[in-house]
A.B. asks: 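This is the structure I want to talk about, given as structure tokens.
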Number of protein chains: 2
Amino acid sequence: MAVQIDIFQILADPTRRGIVEVLGKGERQVNEIVEQAGVHQSGVSRHLRILLQTGFVTMRPVGQRRFYSLRPERFRELDDWLAQYRSLWDARLDRFGAALEKRQKTRKTKPEEHGRK
Amino acid sequence: MAVQIDIFQILADPTRRGIVEVLGKGERQVNEIVEQAGVHQSGVSRHLRILLQTGFVTMRPVGQRRFYSLRPERFRELDDWLAQYRSLWDARLDRFGAALEKRQKTRKTKPEEHGRK
DNA sequence: CATGTATATACACTATCGATCATATAACGG
DNA sequence: CCGTTATATGATCGATAGTGTATATACATG
């Protein structure tokens with residue numbers, strides 16, 4: 001379990017993002033999600049399995065019901081990824097941005113063969 | 001132009017993210033990107049076209065060369081999306097988190113047909 | 001126990017997407 | 001002009017991923 005697949009890959013599917021959005025409002029059971037997801041129940045189940053395996057949600061079984069809710073980890077991860085580009089638009093990060101720029105000026109023209117068949 | 005496709009869809013492809021990463025270090029011409037991308041030049045061109053059309057990059061032609069560099073908009077957009085989940089892990093946003101929680105308690109069971117063929 | 005409800009899973013189908021190859025276009029240098 | 005370099009694009013192909021249908025499983029309840 002805990003299949004470490006691409007955050008973006010997971011979030012790329014609109015249906016899945018819809019589910020995440022619903023869960024953003026709080027814990028929900030599958031039925032409730034199905035109502036909003038716009039796809040068949042089986043589809044929702046599949047998406048939930050993926051979200052579960054990839055660490056986006058947790059599941060809490062209660063009788064025959066299963067309650068799903070969001071977990072923070074992957075979102076924080078996404079935030080970390082985004083951080084390295086934040087200097088692009090966030091003026092407060094200019095010091096960091098300067099560092100980046102310097103690095104880009106200093107880079108060397110590494111030839112390096114590229115004839116990979 | 002300015003095809004408004006899913007941010008996540010665009011970023012879902014690892015090769016494309018690789019390109020973005022390279023451009024994160026500064027403006028680059030296609031050749032340089034190809035060296036690092038691990039795919040054929042034609043592939044890189046296609047990816048760059050997509051990134052261009054979807055607003056992730058700009059292009060500056062110089063003779064026969066084309067220099068690509070990152071644009072902030074879409075990243076900021078992603079940041080905005082992420083913001084609504086930030087309360088999940090950012091303790092400083094607990095006030096906001098409380099608001100969310102209240103909302104989730106108050107929600108009503110809106111039936112709403114879902115039989116969209 | 002029999003039936004209904006909540007959720008998951010196997011299967012088959014389709015559409016999308018990314019990769020390469022070959023070729024086009026356009027600018028460069030002699 | 002002519003060959004070369006830089007980049008883009010059309011065609012084709014194979015893989016992947018999402019969808020619905022049908023069915024399985026597990027719990028609930030009379």
Side-chain angles (χ1 to χ4, degrees), chain A residues 1 3-20 22-23 27-54 56-69 109 111-117, chain B residues 1 3-20 22-23 27-54 56-69 109 111 114-117:
Chain A
M1 58 223 93
V3 184
Q4 185 65 354
I5 304 185
D6 204 335
I7 291 191
F8 294 98
Q9 200 101 317
I10 302 300
L11 260 21
D13 182 71
T15 304
R16 218 141 46 210
R17 234 162 39 236
I19 294 177
V20 166
V22 171
L23 293 180
E27 195 186 50
R28 291 287 187 281
Q29 73 185 62
V30 183
N31 259 339
E32 306 178 277
I33 299 172
V34 172
E35 286 173 10
Q36 314 230 15
V39 299
H40 193 273
Q41 174 261 320
S42 69
V44 172
S45 263
R46 249 190 306 276
H47 284 306
L48 284 172
R49 176 157 54 99
I50 293 175
L51 290 171
L52 187 61
Q53 289 178 331
T54 54
F56 279 86
V57 303
T58 11
M59 189 267 280
R60 180 175 68 92
V62 173
Q64 52 183 19
R65 316 281 172 89
R66 314 227 162 164
F67 288 86
Y68 287 86
S69 49
T109 320
E112 177 189 274
E113 50 162 0
H114 58 297
R116 81 184 52 179
K117 180 45 165 309
Chain B
M1 58 224 89
V3 184
Q4 185 65 352
I5 304 184
D6 204 335
I7 292 191
F8 295 98
Q9 202 101 316
I10 303 300
L11 258 23
D13 182 70
T15 304
R16 218 140 45 207
R17 239 171 24 245
I19 293 177
V20 167
V22 171
L23 293 181
E27 195 186 50
R28 292 286 188 279
Q29 72 186 62
V30 183
N31 257 339
E32 304 177 277
I33 299 171
V34 172
E35 284 174 10
Q36 314 231 12
V39 300
H40 193 273
Q41 173 263 318
S42 68
V44 171
S45 263
R46 235 185 290 286
H47 283 305
L48 284 173
R49 176 156 55 100
I50 292 174
L51 290 171
L52 188 60
Q53 289 178 331
T54 54
F56 279 87
V57 303
T58 11
M59 189 266 280
R60 180 174 68 93
V62 174
Q64 53 183 148
R65 316 282 172 88
R66 313 225 164 168
F67 288 86
Y68 287 87
S69 50
T109 321
H114 59 296
R116 89 182 50 177
K117 180 47 173 301

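Naming: A, B, ... by sequence-line order, numbering from 1 per chain. Just so you know, these numbers come straight off a predicted model, no measurement behind them.
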A.B. asks: Just one of T15(A), L51(A), I10(A) clears the side chain to side chain contact (heavy atoms under 4.5 Å, CB included) bar with V20(A), so which one?
C.D. replies: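 Option passing the side chain to side chain contact (heavy atoms under 4.5 Å, CB included) with V20(A): L51(A).
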A.B. asks: Could you list the donor-acceptor pairs under 3.5 angstrom formed between side-chain atoms of residues 42-50 of chain A and any protein atom two or more places apart in sequence or on another chain?
C.D. replies:
residue, atom, partner, partner atom, Å
S42(A), OG, H40(A), ND1, 3.3
S45(A), OG, Q41(A), NE2, 3.4
H47(A), ND1, R16(A), NH1, 3.3

A.B. asks: Sugar-phosphate means primed atoms, P, OP1 and OP2; the rest is base. With that split, encode nucleotides 13-19 of chain D 5' to 3' as B, S or - using protein heavy atoms under 4.0 Å.
C.D. replies: ----SSB
A.B. asks: Could you tell me which residues satisfy ring pair (Phe, Tyr, Trp, His ring centres under 6.0 Å) with F8(A), sequence neighbours excluded, listed by chain and number?
C.D. replies: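 F8(A) satisfies ring pair (Phe, Tyr, Trp, His ring centres under 6.0 Å) with W81(A) only.
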A.B. asks: Does the protein touch nucleotides 23-30 of chain C at the base, only the backbone, or not at all? Give it as B, S and - per nucleotide, heavy atoms under 4.0 Å.
C.D. replies: ----BS--
A.B. asks: I'd like to check D13(A) versus Q9(B) (side-chain heavy atoms, cut-off strictly below 4.5 Å). Are they in contact?
C.D. replies: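 With C-beta onward as the side chain, the pair stays apart.
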A.B. asks: Are any of Y68(B)'s side-chain N or O atoms less than 4.0 Å away from OP1 or OP2 of dA6(D)?
C.D. replies: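 Checking Y68(B) against dA6(D): no side-chain N or O falls below 4.0 Å of OP1 or OP2.
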A.B. asks: Measuring to OP1 and OP2 of dT7(C), would you say a side-chain N or O of N31(A) lies under 4.0 angstrom away?
C.D. replies: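 It does, given that an N or O in the side chain of N31(A) lies less than 4.0 Å from OP1 or OP2 of dT7(C).
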A.B. asks: Quick check on dT9(D): is either OP1 or OP2 less than 4.0 Å from any side-chain nitrogen or oxygen of R49(B)?
C.D. replies: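 Yes, because at least one side-chain N or O of R49(B) sits under 4.0 Å from OP1 or OP2 of dT9(D).
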A.B. asks: What pairs meet the salt bridge (Lys or Arg N to Asp or Glu O under 4.0 Å) rule with one or both residues in residues 56-65 of chain A, with sequence neighbours excluded?
C.D. replies: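 Of all non-adjacent pairs touching residues 56-65 of chain A, those that pass salt bridge (Lys or Arg N to Asp or Glu O under 4.0 Å) are E27(A)-R60(A).
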A.B. asks: Taking the side chain of Q29(B) as its heavy atoms from C-beta onward, which of dA6(D), dT9(D), dT7(C) lies nearest to it?
C.D. replies: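 Closest nucleotide to the Q29(B) side chain: dA6(D).
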A.B. asks: Looking at every non-hydrogen atom in both residues, tell me the closest pair between L11(B) and F56(B) and how far apart they are.
C.D. replies: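 Answer, listing the atom of L11(B) first, then F56(B): CD1-CE2, 3.8 Å.
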